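Contents: one structure, followed by commentary.
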Protein chains: 2
Amino acid sequence: MNFDKSLLSGSTRLLVLSVLERKDEYGWGIIQQLKERSDDTFDMREGTLYPVLHSLESDGMISSYEQDASAGRTRKYYHITDKGQRELARQKEQWEAFSGGVNRVIGQGAFA
Amino acid sequence: MNFDKSLLSGSTRLLVLSVLERKDEYGWGIIQQLKERSDDTFDMREGTLYPVLHSLESDGMISSYEQDASAGRTRKYYHITDKGQRELARQKEQWEAFSGGVNRVIGQGAFA
DNA sequence: TGACAAACCTCGATGTCCGAGGTATTATGT
DNA sequence: ACATAATACCTCGGACATCGAGGTTTGTCA
């Protein structure tokens, strides 16, 4: 399923931080996890993810380290920082408020 | 509460059509309704609404007519068309899928 | 007369997403 | 041996959405 790409807008940071809250993960893996955890609803593009990862890192929300995978391929793992945890908590609150608001508005249809 | 404005992205059409599903409404009134119906969560700006209204109209999702208010001030009312109803249904589905996906992702935190 | 609210509008700055392109390594199939 | 696909990283530019700031008109109230 593909949405209006703009629906995703603003929630990418929330989504990425949520994945990293669970455990350290590398870019490619984050994309897989999002797909999996959302039951194939999300299919984040690399062109979206990598810039977001870099901006989260430069904001101090996550940190990174390199690590060789089984076959000698190098992966860049990301780890959520304390600051990132606080940011995640804030973004979750915003999401609750926002989605709650949308649900109240659309729930009051023609027959409400 | 003000969000990341970008969270709103992509959902403005859904929100506007939802208001019009109930009854014909004019621009200023739509803003009031959104505020009211969402328990003050949403505060859509005029600079956002008017361009959206014009684009919905040029896409045939809504139609407009002028009508004088009590005091002789003219209001431009918008009415949702059949096409707009179908669009609204589609956008509601997308919203369900999208918000469901986000909830699944953020619900599986560090202790899941 | 002045100030404010209702009601409409446009323009430009900013920020987000992603398609398209690039690089390199390893695995798979023929 | 060779081509293709998958893994894994990256950047750039175009497209699009939001909204702050600005503008206009009419009516109300002191």
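The chains referred to below are lettered A, B, ... by the order of the sequence lines, with proteins before strands, and numbering in each begins at 1. Since the model is a prediction, treat every value here as computed from it, not as a measurement.
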How many whole angstroms separate atom [atom1] of [X] from atom [atom2] of [N]?
{"X": "B/L56", "N": "D/dA17", "atom1": "CG", "atom2": "P", "answer": "11 Å"}
{"X": "B/I30", "N": "C/dC9", "atom1": "CD1", "atom2": "P", "answer": "11 Å"}
{"X": "B/M44", "N": "D/dA17", "atom1": "CE", "atom2": "C1'", "answer": "12 Å"}
{"X": "B/F42", "N": "D/dT18", "atom1": "CZ", "atom2": "C1'", "answer": "14 Å"}
{"X": "A/I31", "N": "C/dG19", "atom1": "CD1", "atom2": "P", "answer": "12 Å"}
{"X": "B/E25", "N": "C/dC8", "atom1": "CD", "atom2": "C1'", "answer": "15 Å"}
{"X": "B/L15", "N": "D/dA17", "atom1": "CG", "atom2": "P", "answer": "15 Å"}
{"X": "B/L49", "N": "C/dT10", "atom1": "CG", "atom2": "P", "answer": "12 Å"}

Side chain to side chain donor-acceptor pair (under 3.5 Å) involving [X] - partner list, sequence neighbours excluded:
{"X": "B/K83", "result": "none"}
{"X": "A/Y65", "result": "A/D24"}
{"X": "A/R45", "result": "A/D43"}
{"X": "A/E87", "result": "A/R90, A/Q91"}

Scan nucleotides 5-7 of chain D against the protein and return all N/O pairs shorter than 3.5 Å with their distances rounded to 0.1 Å.
| from | atom 1 | to | atom 2 | distance (Å) |
| --- | --- | --- | --- | --- |
| D/dT7 | O2 | A/R73 | NE | 3.4 |

For C/dC17 and A/T12 - does any side-chain N or O of the residue sit under 4.0 Å from the phosphate oxygens OP1/OP2?
yes
It should be established whether B/T74 places a side-chain nitrogen or oxygen under 4.0 Å from OP1 or OP2 of nucleotide D/dT26.
no
Under the side chain to side chain contact (heavy atoms under 4.5 Å, CB included) test, which residues partner [X], sequence neighbours left out?
{"X": "B/E96", "result": "A/I106"}
{"X": "B/Q85", "result": "B/E21, B/I80"}
{"X": "B/Q32", "result": "B/W28"}

Protein-nucleotides 10-12 of chain D N/O pairs under 3.5 Å:
| from | atom 1 | to | atom 2 | distance (Å) |
| --- | --- | --- | --- | --- |
| D/dC10 | OP1 | A/K76 | NZ | 2.9 |
| D/dC10 | OP2 | A/H54 | NE2 | 3.4 |
| D/dT11 | OP2 | A/H54 | ND1 | 3.3 |

By nearest nucleotide on DNA chain C, pick out whichever of B/G29 and A/D43 is the more 5' one.
B/G29
Exam field: side chain A/T74 to backbone A/D68, donor-acceptor pair closer than 3.5 Å
no
Under 3.5 Å, is there a donor on one side chain and an acceptor on the other for B/S18 and B/R37?
no
With clusters defined by side-chain heavy atoms of hydrophobic residues (ILVMFWY) lying less than 4.5 Å apart, directly or transitively, does A/Y26 cluster with A/I62?
no
Overall bend - the helix from C/dT1-D/dA30 to C/dT30-D/dA1, comparing terminal axes fitted on five pairs, nearest 10 degrees
20°
For residues 49-57 of chain B, run the donor-acceptor check on the side chains, cut-off 3.5 Å, and write out each pair with its distance to 0.1 Å, sequence neighbours left out.
| from | atom 1 | to | atom 2 | distance (Å) |
| --- | --- | --- | --- | --- |
| B/H54 | ND1 | B/Y50 | O | 3.3 |
| B/S55 | OG | B/R13 | NH2 | 2.6 |
| B/E57 | OE2 | B/S64 | N | 3.4 |
| B/E57 | OE2 | B/S64 | OG | 2.7 |

